[in-house]
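Here is the structure we will look at, set down as structure tokens.
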Amino acid sequence: MPNTKPNMFFIDDVCPACYYHEKYKSNKINWKSREKEFRKLIRDIKQKKSENFDAVVGVSGGKDSISQVHYLLKSGLRVLAVNVDYGLKTAIGKKNLDIIPSMGASLIIYRPNLKIHKKILKISFEKYGDPDLMSHCLLYAIPIRMAIKFRIPLVFLGENSALEYSGDDKYDPKKISTKWFKKYAANNGITPKTFSKKHNIPYKYMINYDLPSAQNLNKVLCVFCSYYFKWDSLKNLRIAKKYGFLSLKKNGEGTFRKYVGIDEKINRIHQYLKFLKFGYGRATDHACEDIRNGKINRRMAITLVKKYDRVKITKFYYKDFINFIGIKEKNFFKILNKFKNFNLQKKI
């Protein structure tokens, strides 16, 4: 990863994600043993004899969440899939989301109060340069709240982003904690003053004043799929395709992958802003993952990054967004320039 990534440091010239991968993930983790742990987890959950569902999975309709549902259904659990739809889903994203109930899971689509959420999106974009600031948090918060509310014993999360992308091994690698949530899922910028107290329910687990307590997290077990199964995008894609998962016909905008970030439009704006601020975008993320998993070499990765990271954002992504939050196109690009690191961009 580049040294411009926030909070980045190096261990003997190796980024933490690669260091974790080489030291632990590739050599020391016994994945067959982890699968045995998973089977024990399933037995323990079944013994709880929950009234309606055994597990909650937060889903986007992407390859990863489909694979998470796959693992649980294959093990005989009753699955409640929860999707957070904040208004800018793509056509292909809707079709892929429809796969989940056809797999045998129940699906709830949660749509937040758009009068409030549009306001939050606008603040996130204009003030912090990240329209995904709260949307991303909802993906963690809503499934946990659902599980606590309906007494569902398991929340099956995706990858442990602290380990997979930051090499941060200070936390339990298996399950989520309040401290993990505060650093990697909660928002530390937008405050309760952004919305009235009667409208803050969906956002309570995303701001400093109301993190999920240890007491609440003890009511459900929130574990990472990536602890039990080696996290590999291509592996997850193969699983999802068996159920009819659709990819793009050509490479995605800003990356060389055809199957990532295709379910909604806001994330493309998030990734483009990341490129403007820090000089790297989605293609760099994907190239680094492919290097770690032995799919490509560094020379090939550099070629892909140069070709795809610099692609300018198109109207397909930003037109619906600016109409959604109510700003003009010229103001959209004015805000992009506000967060652009001009000194860094000159070197790229």
Side-chain angles (χ1 to χ4, degrees), residues 24-25 29-84 96-110 139-164 171-177 180 216-245 259 263 293:
Y24 298 106
K25 190 173 179 182
I29 294 177
N30 185 328
W31 292 105
K32 289 185 178 180
S33 176
R34 291 280 179 94
E35 285 194 42
K36 288 181 181 179
E37 285 189 56
F38 178 72
R39 289 194 290 272
K40 182 182 183 303
L41 169 70
I42 297 299
R43 289 195 299 270
D44 291 344
I45 294 299
K46 286 181 178 179
Q47 287 175 2
K48 292 182 181 295
K49 296 181 180 180
S50 178
E51 184 176 351
N52 296 308
F53 297 100
D54 301 306
V56 175
V57 180
V59 298
S60 64
K63 59 176 178 37
D64 296 333
S65 54
I66 288 175
S67 68
Q68 290 163 237
V69 172
H70 159 82
Y71 286 125
L72 296 181
L73 289 176
K74 188 178 176 182
S75 302
L77 294 192
R78 298 164 299 165
V79 177
L80 175 63
V82 179
N83 172 256
V84 178
N96 284 333
L97 186 62
D98 285 341
I99 290 171
I100 290 173
S102 71
M103 293 170 67
S106 296
L107 173 66
I108 288 179
I109 298 176
Y110 176 85
L139 302 179
Y140 283 100
I142 294 299
I144 294 174
R145 292 190 68 86
M146 286 281 191
I148 293 170
K149 178 71 175 177
F150 297 111
R151 298 180 182 178
I152 302 171
L154 178 66
V155 178
F156 201 51
L157 305 165
E159 74 272 43
N160 184 336
S161 57
L163 283 175
E164 295 292 329
Y171 305 94
D172 188 329
K174 182 189 297 187
K175 60 185 180 180
I176 200 169
S177 65
W180 189 101
N216 275 339
L217 285 178
N218 283 335
K219 295 177 183 177
V220 297
L221 181 62
C222 303
V223 298
F224 296 106
C225 178
S226 62
Y227 174 82
Y228 299 99
F229 302 97
K230 188 174 182 180
W231 198 254
D232 185 323
S233 289
L234 288 177
K235 177 186 175 184
N236 291 346
L237 177 63
R238 287 193 293 270
I239 292 171
K241 278 190 170 183
K242 291 179 181 178
Y243 295 98
F245 178 80
Y259 53 86
D263 50 284
N293 288 325

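When reading the values below, keep in mind they use all heavy atoms of this one structure, side chains included, and skip hydrogens, waters and symmetry mates.
- In this structure, the side chain of Ser226 engages the main chain of Asn160 through a donor-acceptor pair within 3.5 Å.
- The backbone N or O of Ser60 sits less than 3.5 Å from a side-chain atom of Ser65, completing a donor-acceptor pair.
- For Glu35, the side chain to side chain contact (heavy atoms under 4.5 Å, CB included) test picks out Arg39, Phe229, with sequence neighbours left out.
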Distance-only criterion, 3.5 Å: show the donor-acceptor pairs between side-chain atoms of residues 237-245 and protein atoms not counting sequence neighbours.
from   : atom 1 : to    : atom 2 : distance (Å)
Tyr243 : OH     : His70 : ND1    : 2.7

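- Residues passing the ring-ring contact (aromatic ring centres under 6.0 Å, His included) test with Tyr140, sequence neighbours excluded: His136, Trp180.
- With rounding to the nearest 0.5 Å, the separation of CG in Leu221 from CD1 in Ile152 is 13.5 Å.
- Under the rule for a salt bridge (charged side-chain N to carboxylate O under 4.0 Å, His left out), the partners of Lys40 that lie at least two apart in sequence or sit in another chain are Asp44.
- To the nearest 0.5 Å, atoms CZ (Phe38) and OH (Tyr71) are separated by 8.5 Å.
- Here CD1 of Ile108 is found 10.5 Å from CD1 of Ile142. Values are rounded to the nearest 0.5 Å.
- By the side chain to side chain contact (heavy atoms under 4.5 Å, CB included) test, Ser233 pairs with Lys63, Arg257, Tyr259, Glu289, sequence neighbours left out.
- Judged purely by atom type and a 3.5 angstrom limit, Arg34 uses its side chain to pair as donor or acceptor with the backbone of Tyr227.
- Without hydrogens or angle criteria, Asn96 side chain to Gly62 main chain gives no donor-acceptor distance under 3.5 Å.
- Side-chain contact between Leu157 and Cys222 is present, with heavy atoms from C-beta onward closer than 4.5 Å.
- Scanning for salt bridge (charged side-chain N to carboxylate O under 4.0 Å, His left out) contacts around Asp54 gives Arg78, with sequence neighbours left out.
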task = Decide yes or no on side chain to side chain contact (heavy atoms under 4.5 Å, CB included) for Trp231 and Asp64, but give the supporting numbers first.
result = CA-CA 9 Å; Trp231 198 254; Asp64 296 333; 3.5 Å; yes
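- Summarising the geometry, atom CG belonging to Leu73 is positioned 11.5 Å from atom CD1 belonging to Ile66; distances are rounded to the nearest 0.5 Å.
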